[in-house]
Amino acid sequence: MANYYLDNTDLKHHLTHPLMKRIVELKERNFTEKDKYDYAPVDYEDTIDSYDKVLEIVGEICGDIIAPNAEEIDQEGPRVVDGRVEYASGTVRNLDALVKAGLMGITLPRKYGGLNFPFLPYIMAADIVSRADAGFTNIWALQDCAETINEFASEEQKSKFLPRVACGETMAMDLTEPDAGSDLQAVMLKATYSETDNCWYLNGVKRFITNGDGHLSLVLARSEDGTKDARGLSMFIYDKNDGGVTVRRIENKMGIKGSPTCELVFKNARAELCGDRKMGLIKYVMSLMNGARLGIAAQSVGISEAAYREALEYAKERRQFGKAIIEFPAIYEMLSVMKAKLDASRSLLYETCRFVDIYKTLAHISHERKLEPEERNELKKYQRLADSFTPLVKGMGSEFSNQNAYDCVQVHGGSGFMKDYACERIYRDARITSIYEGTTQLQVVAAIRFVTTGAYLAQIREYEKENISPELITLRNKLIELTDLYERTVNAVIETKDNEYIDFHARRMVEMAGHIIMSYLLLLDTTRESSFRRSADVYINYAEGEIQKNAKLIEAFDVENLANYRM
């Protein structure tokens, strides 16, 4: 029996990070629920044991059910019947297994039937599920939409909808439209309030909606007549039981084929306003998208894990010229870089999740009582870090996912181009990660301000001060030199005061910061667990080359050269 949690000791390493004590302390409110719920933990050790046991169940279901179903689901896919989505039979079995195991509503409070887990173990579960079948993650992991309801909806709405998610109902976020993809300000789905019925009605079309026929949906719609920008948009909760929405079609996609991507037609669909009017995009979707981007980062890491393992297994078994191909430098170099990218992106993902956990939990506590001054400072600190790291991990993690999937096919050679091997599906599934929930280019747009304001540099200098094992000091000295190079390069670009020139080099500067941050995280991982040493060595060498390449390109690039690139 396969277990996708137990066979990966790296996961437990991150689950026991020192910052988890603070996260558990906040999340469990000093274990005040132990007398109210028999499954509530009594102390820190008991809490970590609960996370560990649940992740073990996730790993078992992934290894024994979800992964074996993946190829069948990829071939069968979902279909539309009478305006409704019917999942592939394997998807139904997957969902049934997870629902029966109580793995829906993981992060929701216990009073709504949830497990009250922090974001980190939930994202860890998404990582594991994505390794088994990335497409299925898009159905199961959209339960994260419930956190938006928990954060912003009324108590009546929370009590009405959240227990249903905890019991197994699926969710969707209905944002994009035929003429409003990344530009959500252009959303035109109409929301009209009826004084007679005392409710809202939605009319219009949504497109590219992941799991669009979910039981519950968060819908971005235009509630204010005469508006054309973000100030006219509000967020609504739509319940499929109320009718009014038809699935016009399911998109025929390159990958993640088990996940229904729908075009939806709203015709007088009843809905409830979530939160305040006019704040749909400005406040609620921004929060929703940040969570979704970390979900895609987890999906990316899971795909990277699957790609690396498929490549490694094949390289050990495939023999050419009298020996296994893993013995050839061209192959073992490729595999070592794949593993380093995997470890680096996972470390960045879980570091970001820890930041999110602290600030989000403190935000929830602030609704229960007044925060102490040090708690308010803590909230602000970790919110800033979470905001800066989220576009970084989504952008770089998804690019690494694509690179690892590409290299996995390459290790397989001609066999990798055939549907006989899982790497062909993994390669197709990986491609979307750097596109949806904001393309890599949009992540750069979000991240560049943390370059120009010095936020990334400040956090890098904090990592520089951390205690590390003595044998890692040489590697840290190399990172200090690379950080100095990064700082000089950024300053030179900013000093031009040419916004177009800054934007032109934004991706290179963001990548430089990302490489340094991930390198430091691997050093800290290695200090706690020596098994990360190889990835730290390989990744820092890789990062050095990438950082120097970008620095030289920027240095040699004159502002006047921009004219050669304009179309």
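The structure presented is a predicted model; accordingly, all values stated were derived computationally and were not measured.
- In this structure, E437 does not pair ionically with R293, as no charged nitrogen and carboxylate oxygen lie closer than 4.0 Å.
- Here the side chain of Q157 pairs a donor or acceptor atom with the backbone of S154 at under 3.5 angstrom.
- When atom types are taken as modelled, the side chain of E224 and the backbone of R231 share no donor-acceptor pair closer than 3.5 angstrom.
- Paired with T433 under the rule side chain to side chain contact (heavy atoms under 4.5 Å, CB included), one option of I256, V301, I303 passes, and it is I303.
- Looking at heavy atoms from C-beta onward, Q185 lies in side-chain contact with L281 at the 4.5 angstrom threshold.
- Looking at R222, its side chain does come within 3.5 Å of a backbone N or O of V187 through a donor-acceptor pair.
- A salt bridge is defined here as a Lys NZ or Arg NE, NH1 or NH2 lying under 4.0 Å from an Asp or Glu carboxylate O, and E378 with K381 fails to meet this definition.
- Between the side chain of N69 and the backbone N or O of I65, at least one donor-acceptor pair lies under 3.5 Å.
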Worked verdict on T148 versus M171 for side-chain contact (heavy atoms from CB on, under 4.5 Å)
CA-CA 11 Å; T148 299; M171 294 200 70; over 6 Å; no
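- Contact between Y112 and N150 at its shortest, heavy atoms only, is CE1-OD1, 3.8 Å.
- Between A88 and E76, the shortest heavy-atom contact is CA-OE2, 3.5 Å.
- Between atom OG of residue S223 and atom CZ of residue R277 there is a gap of 5.0 Å, rounded to the nearest 0.5 Å.
- Other residues, nucleotides and ligands contribute over 12 non-hydrogen atoms within 6.0 Å of the CG atom of N241.
- One finds no salt bridge joining K160 and D239 here, because no Lys/Arg side-chain nitrogen approaches an Asp/Glu carboxylate oxygen to under 4.0 Å.
- At a threshold of 4.0 Å, the pair E375-R369 counts as salt-bridged, since one of the basic side-chain nitrogens sits closer than that to a carboxylate oxygen.
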Give the C-alpha distance, both sets of side-chain angles, the deciding distance and a yes or no for salt bridge (Lys or Arg N to Asp or Glu O under 4.0 Å) between K240 and E169.
CA-CA 11 Å; K240 187 167 74 171; E169 293 196 3; over 6 Å; no
Under the criterion side-chain contact (heavy atoms from CB on, under 4.5 Å), I'd like the reasoning laid out for K253 against I432: C-alpha separation, chi angles, the key distance, then a yes or no.
CA-CA 10 Å; K253 308 187 296 293; I432 190 63; over 6 Å; no
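- Without hydrogens or angle criteria, S401 side chain to G397 main chain gives no donor-acceptor distance under 3.5 Å.
- The pair E28-K34 fails the salt-bridge criterion, with no side-chain N (NZ, NE, NH1 or NH2) lying under 4.0 Å from an Asp/Glu carboxylate O.
- If you run side chain to side chain contact (heavy atoms under 4.5 Å, CB included) between Y5 and each of I128, I61, V54, only I128 comes through.
- A donor-acceptor contact shorter than 3.5 Å links the side chain of Q143 to the backbone of I106.
- Aromatic ring orientation, F119 versus Y122: tilted (interplanar angle from 30° to 60°).
- When only modelled atom types and interatomic distance are considered, D357 and Y382 share no side-chain donor-acceptor pair under 3.5 Å.
- Summarising the geometry of L175 relative to I209, their closest heavy-atom pair is N-CD1, 3.7 Å, with the distance given to 0.1 Å.
- Contacts classified as salt bridge (charged side-chain N to carboxylate O under 4.0 Å, His left out) and involving residues 97-107 (residues at least two apart or in different chains) are given here: D96-K100.
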Pair L294-F389, side-chain contact (heavy atoms from CB on, under 4.5 Å): steps then yes or no:
CA-CA 10 Å; L294 289 178; F389 274 41; over 6 Å; no
Stepwise side chain to side chain donor-acceptor pair (under 3.5 Å) test for N402 and Y427
CA-CA 7 Å; N402 276 271; Y427 181 72; over 6 Å; no
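- Residue pairs meeting the salt bridge (charged side-chain N to carboxylate O under 4.0 Å, His left out) criterion with at least one member in residues 118-127, sequence neighbours excluded, are D127-R346.
- Every salt bridge (Lys or Arg N to Asp or Glu O under 4.0 Å) that K419 has, sequence neighbours left out, goes to E424.
- Heavy-atom contacts from other residues, nucleotides or ligands closer than 6.0 Å to CG of N252 number 12 or fewer.
- More than 12 heavy atoms of other residues, nucleotides or ligands shown are found within 6.0 angstrom of CZ on R29.
- Among residue pairs with one or both ends in residues 203-226, none qualify as ring pair (Phe, Tyr, Trp, His ring centres under 6.0 Å); sequence neighbours excluded.
- Looking at heavy atoms from C-beta onward, L95 lies in side-chain contact with T170 at the 4.5 angstrom threshold.
- Counted by atom type alone, K360 and S287 present one or more donor-acceptor pairs between their side chains at under 3.5 Å.
- Between the side chains of Y87 and N211, at least one donor N or O lies within less than 3.5 Å of an accepting N or O.
- More than 12 heavy atoms of other residues, nucleotides or ligands shown are found within 6.0 angstrom of NZ on K190.
- A salt bridge is defined here as a Lys NZ or Arg NE, NH1 or NH2 lying under 4.0 Å from an Asp or Glu carboxylate O, and E177 with K206 meets this definition.
- Residue pairs meeting the salt bridge (charged side-chain N to carboxylate O under 4.0 Å, His left out) criterion with at least one member in residues 64-73, sequence neighbours excluded: E71-R425, E72-R93.
- Counting only distance, with no hydrogens or angles, the side chain of T361 and the backbone of I358 share no donor-acceptor pair below 3.5 Å.
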Passes side-chain contact (heavy atoms from CB on, under 4.5 Å), W200 versus S234? Steps please.
CA-CA 11 Å; W200 290 86; S234 300; over 6 Å; no
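- Q299 and N138 share a donor-acceptor pair across their side chains, judged by distance under 3.5 Å alone.
- The number of heavy-atom neighbours closer than 6.0 Å to CG of D46, taken from other residues, nucleotides and ligands shown, is above 12.
- A donor-acceptor pair shorter than 3.5 Å cannot be found between the side chains of D387 and Y359.
- The local environment of CZ in R22 is crowded, with over 12 non-hydrogen atoms from other residues, nucleotides or ligands closer than 6.0 Å.
- Residues T210 and S259 approach most closely at CG2-OG, 3.7 Å, considering heavy atoms.
- Judged by distance alone, the side chain of R249 and the main-chain N or O of E263 form no donor-acceptor pair under 3.5 Å.
- With sequence neighbours left out, the side-chain contact (heavy atoms from CB on, under 4.5 Å) criterion links D49 to K53.
- In this structure, D213 contributes its side chain and V85 its backbone to a donor-acceptor pair below 3.5 Å.
- Around atom CZ of R79, no more than 12 heavy atoms belonging to other residues, nucleotides or ligands sit under 6.0 Å away.
- Listed here is the closest heavy atom pair of I250 and C262: CG1-SG, 4.4 Å.
- Relative orientation of the F117 and Y51 rings is perpendicular, given thresholds of 30° and 60° on the angle between their planes.
- For E156, the CD atom is loosely surrounded, since the number of other residues' heavy atoms within 6.0 Å does not exceed 12.
- Across G258 and I139, no two heavy atoms sit closer than the pair O-CD1, 3.8 Å.
- A salt bridge does not link D74 with K257: none of the charged nitrogens is closer than 4.0 Å to a carboxylate oxygen.
- No salt bridge links E33 with K111; every basic N to acidic carboxylate O contact stays at or beyond 4.0 Å.
- In terms of modelled atom types and a separation under 3.5 Å, the side chain of T176 and the main chain of R207 share a donor-acceptor contact.
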